[in-house]
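The model shown is predicted, which means the values in this text are computed figures rather than measured ones.
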Amino acid sequence: MPRIVKGSGPLDAKIVLVGEAPGAEEEYSGKPFVGASGRLLTAMLGSVGIDRAQCRIENVMQVRPRGNNFSEFYLDGAKRRSPGRELVAGRARLLRDLGAMNANVVIALGKEAIKTLAGKPNIIQWRGSIIPTPFGKVIGTYHPAGILREYKNRPVAEIDLKRALE
């Protein structure tokens, strides 16, 4: 049975960060963003003057997908056009939780987060944009796991994080 990894950080945080789903280390510890992606995220936040301890951290899904493959949450797999029941419920939970918070800005980390939070189809086209939503402003940027694969995107992501801070 997959372990549920709930959000962490203050519920009244002015900055909320939203990732996709927990990885192996997150599932083991029960806390979001504690693995390699989390360490990179903490470093990037610190480099732009954001204190991670003052942020709320959430994920679209609170359970790790089989094989660490987010496509598992879609009925059509890798096409990622038709969300499955579990993903629909995860998105609804996240949006409901965000509606109860009073964040100034929500940072969407990666494609699934920006799709869920702002209805935008990809992160590349929308990263750095300030997108108004019913629960506040959303700014998208690259997911730290993606940055670990393409490190050249770190400076761009840090610019996005700095924009969110401002």
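Evaluated for a side-chain hydrogen bond (donor to acceptor under 3.5 Å, both in side chains) with Arg127, the options Asn122, Asp160, Asn153 yield exactly one hit, Asp160. Each of Arg3, Arg39, Lys31 was compared with Glu25 under the salt bridge (charged side-chain N to carboxylate O under 4.0 Å, His left out) criterion, and only Arg39 meets it.
A salt bridge links Glu112 with Arg80: at least one charged nitrogen is closer than 4.0 Å to a carboxylate oxygen. With respect to the salt-bridge test (charged N to carboxylate O, under 4.0 angstrom), the residues Arg64 and Glu72 do not qualify. The residues Arg154 and Glu158 are annotated as salt-bridged, a charged nitrogen and a carboxylate oxygen being separated by less than 4.0 angstrom.
Grouping the Ile, Leu, Val, Met, Phe, Trp and Tyr side chains by contacts below 4.5 angstrom, directly or via other members, places Leu11 with Leu95. Residues Leu161 and Ile159 fall into different hydrophobic clusters, defined by Ile, Leu, Val, Met, Phe, Trp and Tyr side chains chained together at heavy-atom separations under 4.5 Å. By the rule that hydrophobic residues join a cluster once side-chain heavy atoms approach within less than 4.5 Å of another member, Val156 and Leu41 end up as members of one cluster.
Taking the side chain as every heavy atom from C-beta outward, Ile139 and Trp126 never approach each other to under 4.5 Å.
A pairwise comparison of heavy atoms in Pro32 and Val5 identifies N-CG1, 3.5 Å as the closest pair. Annotation for Lys111 and Ile123: closest pair N-CB, 4.0 Å, computed over non-hydrogen atoms.
The backbone N or O of Val34 lies less than 3.5 Å from a partner atom in the side chain of Glu26, making a donor-acceptor pair. A distance-only check finds a donor-acceptor pair linking the side chain of Asn59 to the backbone of Glu20 [under 3.5 Å]. Of the possible donor and acceptor atoms, none in the side chain of Asn68 sits under 3.5 Å from a partner among the backbone N and O of Gly23.
With ring centers used as reference points, Phe70 lies 6.0 Å or more from His143.
For the residue pair Arg91 / Thr116, a side-chain donor-acceptor distance below 3.5 Å is found, with atom types taken as modelled. Side-chain contact of Arg56 with Ser8: a donor-acceptor pair under 3.5 Å is absent, judged by distance alone.
Within a 6.0 Å radius of CD1 in Ile4, other residues, nucleotides and ligands contribute 12 heavy atoms or fewer.
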